[in-house]
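Okay, so here's the structure we're looking at.
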Amino acid sequence: MVQRRCTRKSRPTTLSAKFELKPPPYPLNALEPHMSRDTLEYHWGKHHRTYVENLNKQTAGTELDGMSLEEVVVVSYNRGYFLPSFNNAAQAWNHDFFWESMKPGGGGKPSGELLQMIERDFGSFERFLSEFKSAAATQFGSGWAWLCYKANRLDVDNAINPLPSDEDKKLVVVKSPNAVNPLVWDYSPLLTIDVWEHAYYLDFQNRRPDYISVFMDKLVSWEAVSRRLEIAKARAAEREVEEEIRKQEEEKEQESDGEAVEMYLDSDADDLERD
Ligand SMILES: [Fe+2]
């Protein structure tokens with residue numbers, strides 16, 4: 001798995017970790033009647049706020065201080081051996097992403113390239129809906145369901161071609177427990193639904209499937225998902241170019257090493273001839 005390296009120029013001399021509690025991109029009552037103001041006040045105003053405050057306490061003055069939130073998520077995941085700040089960092093990221101996955105008057109069906117890719121990778125929009133709803137409903141306990149763009153070779157039995165094949169660049173539905181998000185698998189999240197009980201208990205009590213249906217039918221911002229897909233594809237293309245350049249440089253290095261050995265062998269031969 002690709003682990004992103006995060007470099008910093010110098011260690012700050014003061015405590016500077018300050019992640020902010022970003023408000024949702026709409027007023028707290030704007031999703032009513034599908035998601036109540038009360039839910040937003042508790043979910044964003046208390047739960048999300050606590051994750052951000054705890055994260056700031058945990059990262060201040062540490063080597064994570066000064067990294068972006070996304071970098072802290074990936075680094076503190078630590079290949080599954082979580083650093084203490086992972087849960088708060090991932091929950092802060094997940095909630096920002098969740099608020100921006102919804103809009104007043106959302107839901108319905110996407111269009112354009114997003115719809116084409118959904119139809120290509122799931123068979124039909126209806127089949128995607130059913131897979132996404134099922135992932136959200138069956139995540140045992142707390143967690144998240146996601147639609148992601150997957151541009152890497154994880155889960156693909158392809159050890160020969162070092163670049164992603166066309167089949168690798170596709171949409172997938174995944175679910176994750178607790179705070180885990182697909183950034184840690186190097187996937188690009190496009191859409192998420194929070195299935196922690198705090199996300200729906202005030203409006204739906206324990207009826208998680210009803211909450212999931214309302215989310216998909218009335219709240220999803222397909223415009224946000226389409227924008228994220230465009231960015232994810234552009235990033236994947238950039239990374240392919242970088243990978244290709246790296247490969248060519250490696251090949252050149254190997255060729256010049258080979259020439260050096262040949263020259264060495266030639267000079268040996270000359271010595272033998274002289275002898
Ligand atoms: Fe939540």
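Counting starts at 1 for both ligands and their atoms, following the listed order.
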Taking [X] first and then [Y], would you say they form a salt bridge - that is, a charged N and a carboxylate O separated by under 4.0 Å?
X: E250; Y: R246; value: yes
X: E223; Y: K103; value: yes
X: K18; Y: D65; value: no

Which of the N/O/S atoms in D194 sits closest to the Fe ion (ligand 1)?
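Answer by atom name: OD2.
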
Could you tell me which N, O or S atom of H43 is nearest to the Fe ion (ligand 1)?
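Minimum-distance N/O/S atom of H43 relative to the Fe ion (ligand 1) is NE2.
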
Report the relative orientation of the aromatic rings in F97 and W146; use parallel for angles under 30°, tilted for 30 to 60°, perpendicular for over 60°.
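Answer is tilted, since the angle falls between 30° and 60°.
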
If I take every N, O or S atom of H47, is at least one of them less than 2.8 Å from the Fe ion (ligand 1)?
no

